[in-house]
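Worksheet: the structure to be examined is printed underneath.
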Amino acid sequence: MSTSEPSGGRIHKERACSKSGQNIESLFQQHATGVGSAAYPQGRDEVARQLQLIAMEPQAVQNRDDLFVWPWMGVLVNVPTERKNGRHVGESGNRLKEKLSCFCPQKVIPLWNYRGHTGNAIVEFGKDWTAFNNALAFENHFESEGYGKLDWKAYKHRRPGMFGWVARADDQKYPGPIGDYLHKNGDLKTIADVENEEARKTNKLVANLASQIEVKRRHVEELECKYNETTTSLDMIMEQKDQLLRAYNEEIHKMQQLARRHSQRIIDENQKLRSELESKMQNLDLRSKQLDELVARSESDRRNLEHEKEKNGVKTKHLKMATLVQQKADENVLKLVEKHKLEKQVALDKIIKLEHQLDAKQKLELEIKQLQGKLEVMKHMPGEEDSESKKRIDELSEELQDKYDEMDAMESLYHTLLIKERKSNDELQDARKKLIDGLQTITTGRANIGIKRMGELDLKSLAIACGRKLSKEDAEVTAAILCSKWEADIKKPEWHPFRVVMVNGKKRELISEDDAKLQTLREEYGEEVYSLVTKALLEVNEYNPRDRYPVPELWNYKEGRKATLKEALQYVLKQWRAHKRKR
């Protein structure tokens, strides 16, 4: 089959495509001039996409007046079949489509009748020029292999293998399943018919696009008019707004000036009225004094004055008695303080004496051991005992017995002093407790000597520490939450974040830095908050490890340590003397 195409048909087709392209290009230029260059590329892409589907170049055919079945179809004959169960069966359409996949068929339809598979099939390619080119490639392939339409007519059924060609007018008119299917599902058209139909579609598309472009251009012009009107209206509104704002500001300024003048006038009037009132008050006071002088001269006023003097005398007497009672109470406090001071000194003297007695006891025990050693030596000396040696042994025995008696007397004295020391310690502890109770009620502010609750978190210090990272209000709230939470945790006996170490041969409990809760506290709130919590933990572990609640203690705030009883007594005496001088 020849692959050349008549020059007249190609020229006609090229002219038609060129003319359509020129019309579309002129429409694009018109649209770009009317509505701006922004819409031009988008419309051009849309038209180009439509024309690409319509104006694709077909392959050359032998005669442009040949009538083809459209949509483009191919005919397959002599498809292999076999007889099964009294009917002819063959390959399915999908299977045949896979075999012909290189020609891009849309689908393959095997033809059947009452006997089964007829051995024929229709290959559908589509409606565009790409489908037509695939159909011609399909036909050319079978012709080149010797299985074209002419070959089928020459060999009929005497040659195995499938034959194929593009469906034309004679195939549609041929009686049988092939002709029936082609007549039912296709039309007969020449290449020129298809080109003319596509040219009509192209012109129609161009006309529709031109109409749409004109509509859009008018719409854009309307939008531009509305935009200009809106812009003008907004400018007028903004100008009016500025005028109203200026007028409002001027009015406010006037009202403020009037209000200031009015306020100043009221202030001046009030000052004038106040001066007049003070003058009248002074006159009234003067008149009152004059009346008082006149009234005081009368007899009845004298009696009233006498009665008032008597009442004042009673009140003065009661005040004097109260002063004496208060003075006596102060003296009793001083005596109590002096008594505790004396008892403490006596206890110290007893302790010193007890230490001396202990030293004497140890010295006596050493002397007894030495005498026992000498006596044993004398008893075991070789030789006959003479009267001198026996006398010496008796003397040593007597001296040893005296030492034993002295030892017993010293032991009795030691126990007596030990009992007195314990009693003195109890009295001192009782005095310390009374001082703590008293100072808790009278101590105000932060003095050098005061009461510190050991194991209690300092809310103020926590707030200061939190305030380094937070605002004042947030710091106070956070400090209150932390104080409540960690005081509850400190009281829990099951939580014991301590480790035991040896210090100078003695066991000592220190904070365990591996504790998870304390590590989290340090990471979230910093070293200062961590130190305050661990300090409270150490205090409660020292002063009340069993019950784990804060206990009061005399405290020297100036030196940051536990205060001695002497320091507390000196502080109480100092406060009492200062109070006495004020009276």
Side-chain angles (χ1 to χ4, degrees), residues 425-426 428-433 435-437 439-440 443-568 571:
N425 285 334
D426 293 339
L428 288 173
Q429 290 299 324
D430 185 59
R432 190 179 187 92
K433 184 177 179 182
L435 273 174
I436 290 173
D437 294 339
L439 285 175
Q440 281 181 324
T443 302
T444 58
R446 179 60 67 89
N448 290 339
I449 303 297
I451 304 301
K452 183 178 187 305
R453 292 180 61 81
M454 309 305 291
E456 186 175 67
L457 285 173
D458 188 351
L459 180 59
K460 185 177 180 181
S461 300
L462 276 175
I464 293 172
C466 294
R468 305 192 195 284
K469 295 183 178 180
L470 304 172
S471 64
K472 184 178 179 181
E473 294 181 358
D474 293 342
E476 290 177 354
V477 173
T478 304
I481 294 172
L482 286 174
C483 187
S484 176
K485 176 186 179 304
W486 284 98
E487 281 185 348
D489 288 341
I490 289 172
K491 292 178 181 178
K492 295 178 180 178
E494 64 272 12
W495 185 49
H496 194 75
F498 297 95
R499 57 188 177 89
V500 180
V501 297
M502 297 298 294
V503 179
N504 298 326
K506 295 182 180 180
K507 291 183 179 180
R508 184 177 177 186
E509 288 188 332
L510 301 178
I511 294 293
S512 175
E513 297 181 354
D514 297 333
D515 185 76
K517 292 172 68 173
L518 293 177
Q519 285 182 346
T520 304
L521 176 68
R522 175 183 279 175
E523 292 171 359
E524 291 183 358
Y525 297 98
E527 191 68 31
E528 192 171 355
V529 175
Y530 170 83
S531 299
L532 291 171
V533 173
T534 52
K535 181 181 178 183
L537 269 170
L538 290 171
E539 289 175 354
V540 82
N541 194 55
E542 178 183 356
Y543 283 87
N544 193 8
R546 181 177 177 181
D547 298 326
R548 297 178 73 90
Y549 59 81
V551 294
E553 179 59 277
L554 291 173
W555 195 257
N556 188 326
Y557 285 101
K558 184 177 180 179
E559 299 182 10
R561 59 172 175 81
K562 180 179 176 180
T564 63
L565 192 60
K566 179 180 179 181
E567 291 172 338
Y571 171 75

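Any value given below was found using the heavy atoms of this structure, including those in side chains, with hydrogens, waters and symmetry copies removed. Along the sequence shown, residues carry numbers from 1.
Within the 4.5 Å cutoff, the side chain of W555 has no heavy atoms near those of the I449 side chain. Using a 4.5 Å cut-off on side-chain heavy atoms (C-beta onward), E542 and M454 make no contact.
Residue-environment remark: CD (E513) stays at or below the threshold of 12 foreign heavy atoms within 6.0 Å. Remark: E473 CD is loosely packed, at most 12 non-hydrogen atoms of other residues, nucleotides or ligands lying under 6.0 Å away. Dense packing is recorded around NZ of K517, with more than 12 heavy atoms of other residues, nucleotides or ligands lying under 6.0 Å away.
In this structure, NZ in K507 is found 7.0 Å from CE in M502, a value given to the nearest 0.5 Å. Between the CG atom of N556 and the NZ atom of K562 there is a distance of 13.0 Å, given to the nearest 0.5 Å. Between the CD1 atom of I511 and the CZ atom of F498 there is a distance of 4.0 Å, given to the nearest 0.5 Å. Note: R453 CZ to Y543 OH = 13.5 Å, rounded to the nearest 0.5 Å.
Checked against side chain to side chain donor-acceptor pair (under 3.5 Å), E476 has no partners two or more places apart in sequence or in another chain. Listed by chain and number, the residues in a side chain to side chain donor-acceptor pair (under 3.5 Å) with E509 are H496, N541 (sequence neighbours excluded). The side chain to side chain donor-acceptor pair (under 3.5 Å) search around E559 returns R561, not counting sequence neighbours. Taking the side chain to side chain donor-acceptor pair (under 3.5 Å) definition, one finds that R499 meets it with nothing, sequence neighbours left out.
Nearest approach of S512 to L518, heavy atoms of both residues: O-CD1, 4.2 Å. Between A463 and A475, the shortest heavy-atom distance links the atoms O-CB, 3.8 Å. For the pair V529 and A465, the tightest heavy-atom approach, listed with the atom from each and the gap, is CG2-CB, 3.8 Å. Taking both residues in full, the closest heavy atoms of E567 and A563 are given as OE1-CA, 3.4 Å, listed atom of the first, atom of the second, then distance. Taking each heavy atom of R522 and E527 in turn, the nearest pair found is NE-OE1, 3.2 Å.
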Check: residues 477-487 side-chain donor-acceptor pairs under 3.5 Å, at least two apart:
| unit_1 | atom_1 | unit_2 | atom_2 | d |
| --- | --- | --- | --- | --- |
| T478 | OG1 | D474 | O | 2.8 |
| K485 | NZ | D489 | OD2 | 2.9 |

Please list, one pair per line, the donor and acceptor atoms closer than 3.5 Å that link side chains of residues 532-540 to other protein atoms, with sequence neighbours excluded.
| unit_1 | atom_1 | unit_2 | atom_2 | d |
| --- | --- | --- | --- | --- |
| T534 | OG1 | Y530 | O | 2.9 |
| T534 | OG1 | S531 | O | 3.0 |
| E539 | OE1 | K452 | NZ | 3.2 |
| E539 | OE1 | G455 | N | 2.9 |
| E539 | OE2 | K452 | NZ | 2.8 |

